[in-house]
Structures are given as C-alpha cells and as structure tokens.
Amino acid sequence: MRLDNMLIAEGVAGPEKGGGAGAAANASAAASGGPGQPENTIEHSDYRAKLAQIRQIYHQELDKYEQACNEFTTHVMNLLREQSRTRPITPKEIERMVQIIHRKFNSIQVQLKQSTCEAVMILRSRFLDARRKRRNFSKQATEILNEYFYSHLSNPYPSEEAKEDLARRCSITVSQVSNWFGNKRIRYKKNINKAQEEANLYAAKKAG
DNA sequence: TTCAATGATTCATG
DNA sequence: CATGAATCATTGAA
C-alpha cells in the first residue's frame, strides 16, 4: 500500500505487525537543484520534533481504534453466545461477523493513515520551502551587489563569471546573485524615481 | 502590530 | 536555460 510506505518512509508508522512484505521505498527526494543546501541541524531537529508529535498522535489513535475494535468484537460475541441458546449459530456465522467488524474498523484506520499522511506532507512542504528560512544579506554584501548594479546600469546582466566573482565576494551562492539581480532589475524599473536616489548615491560613491 | 523591503519560488516566454 | 513578472513568506523599522 502506498500510504503505508509513505508513513514508514517518514518514520511515522512502524512495520506492520505480522511481518508485512516490505516494499522498496522509492526515494522521491527530488533535489531542488538550486541552493537547497542541507543547512539544517536546528531546522531539522525542529522538523523531527513535529514529526514525532504526529507519530505519537497517530499511534495513540491507532491503539484507540484497535481497543475499540476488540471491545466491540467481544461484545458481539457475547450477544451471539446468548442467542445460541435460542437458535443454532454456526461457527461460520461467527467468523463472518468478526470479519465484518474488522473490515469496518480497518476502513477507519485507513482514513487515519490518510489524514496522517496529509499532515506529514504539509509539514514537509513547509520545511522544504526556502522562503520560510529567508535571511537578509549582510550590509557589505548588498553594498557590493548595488555597486555592481549601478555601475553597470546600462546593462545590469552580469556574466556567469561575474556572478561567481560577486558570489564569492558576498559569501552567497551564484543562484542568490541571480535572484538578487532578477529582483533588482524589475524593482528598479518599477519605480525609477526612488531608485534614482540610490543610483546617484552609488555614482557619487564611485567617484569619491 | 502594521507595513515596506527583501530574498526566494513559480510560471510564462523566447 | 536565462529572464521578467507575479506572488509568497519573512524581516526589520515605524
């Protein structure tokens, strides 16, 4: 079942009791290619804490259902035993009854797995989104980038080498340099008036 | 707490 | 694939 694999892969659900056949977990770890560096440690432990919380709730609910299922089963068995005094009841009939009950509770558990799976997916996407870990660049870094931008205002498109150089000097990645220039260009164009002050500022700085 | 600035992502284009 | 545009999510100052 896909749901089980998913939950197991996230460490939410343990192996099925009774020794289910273990299916190969296909790693869907699509490396984002970009600056998705595994710069965790703190972030990651936070992630795992929340994952553990989900796991705890999951097992809690699972136990609850299992217990309820057992209770209900014995209850029904007792009823059947009473009835057996007034009419014949075959073992087949009892077995069928038990199966029906188990199927019902099983479908409830599937729902539980589904909602747990959903919660894990949401948690994952939230932690995978780098926009949530945004930090502003250092003052000097923006200084360097602005200096380049305004001294190449007629053609603010740094070559790959220039990007690498800027990245090195700013202690950021080339992707971040590209992002910065992408944002800068469009935001400069958006209101030239205000940006003009900045342009003058950097022009003066260069002259001085 | 509000809000502009800002870094990152998504989507369309060529 | 690089870019522009729109949008998202966080930061930092008012």
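FYI, side chains are in, hydrogens and waters are out, and symmetry mates aren't considered; it's all heavy atoms of this structure. Below, chain A is the first sequence line, B the second, and so on; all start at residue 1.
No donor-acceptor distance shorter than 3.5 angstrom exists from the side chain of A/His75 to the backbone of A/Glu71, with no hydrogens or angles considered. In this structure a side-chain-to-backbone donor-acceptor pair under 3.5 Å is present from A/Ser178 to A/Val174. Remark: side-chain polar atoms of A/Asn146 are paired, donor with acceptor, to backbone N or O of A/Thr142 under 3.5 angstrom. Although no hydrogens or angles enter the test, the distance criterion places no donor-acceptor pair under 3.5 Å between the side chain of A/Arg132 and the main chain of A/Phe127.
Residue A/Asn179 places no side-chain N or O under 4.0 Å from the OP1 or OP2 atom of B/dG7. The side chain of A/Gln176 places an N or O atom within less than 4.0 Å of a non-bridging phosphate oxygen (OP1 or OP2) of B/dA8.
To the nearest angstrom, C1' of B/dA8 lies 18 Å from CZ of A/Phe127. The separation between A/Arg131 atom CZ and B/dT9 atom C1' is 4 Å, rounded to whole Å. Rounded to whole angstrom, the span from the CZ atom of A/Phe137 across to the P atom of B/dT6 amounts to 11 Å. Distance, A/Arg187 CZ to B/dT9 C1': 12 Å, rounded to whole Å. Atom NZ in A/Lys184 sits roughly 11 Å away from atom P in B/dA5 (whole-Å rounding). The distance from atom CG of A/Asn146 to atom C1' of B/dA5 is 13 Å, rounded to the nearest whole Å. The nearest whole Å value for the distance from the NZ atom in A/Lys190 to the C1' atom in B/dA4 is 13 Å. The separation between A/Ile186 atom CD1 and B/dG7 atom P is 15 Å, rounded to whole Å.
For A/Arg81 and A/Asn78, the side-chain atoms include at least one donor-acceptor pair closer than 3.5 Å.
Read 5' to 3', the first and last nucleotides of DNA chain C with an atom closer than 4.0 Å to a heavy atom of chain A are C/dT3 to C/dG12.
Classification of the A/Tyr150-A/Tyr188 ring pair by plane angle, with boundaries at 30° and 60°, yields perpendicular. Relative orientation of the A/Phe181 and A/Phe149 rings is tilted, given thresholds of 30° and 60° on the angle between their planes.
Residues A/Arg185 and A/Arg126 each lie close to DNA chain C; by heavy-atom proximity, the contact nearer the 5' end of the strand is made by A/Arg185.
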| said: Run the salt bridge (charged side-chain N to carboxylate O under 4.0 Å, His left out) test on A/Arg87 and A/Glu93 for me, step by step, so that the C-alpha distance in whole Å, both residues' side-chain angles and the decisive distance to 0.1 Å come before the verdict. | reply: CA-CA 12 Å; A/Arg87 73 178 172 91; A/Glu93 198 175 339; 3.5 Å; yes
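Of the residues in residues 156-163 of chain A, those with a non-hydrogen atom less than 4.0 angstrom from any atom of DNA chain C are A/Tyr157, A/Lys163.
In this structure, A/Asn136 reaches the sugar-phosphate backbone alone: every heavy-atom distance under 4.0 Å involves primed, P, OP1 or OP2 atoms, never a base.
A 4.5 Å side-chain heavy-atom check between A/Arg124 and A/Leu51 finds every atom pair outside the cut-off.
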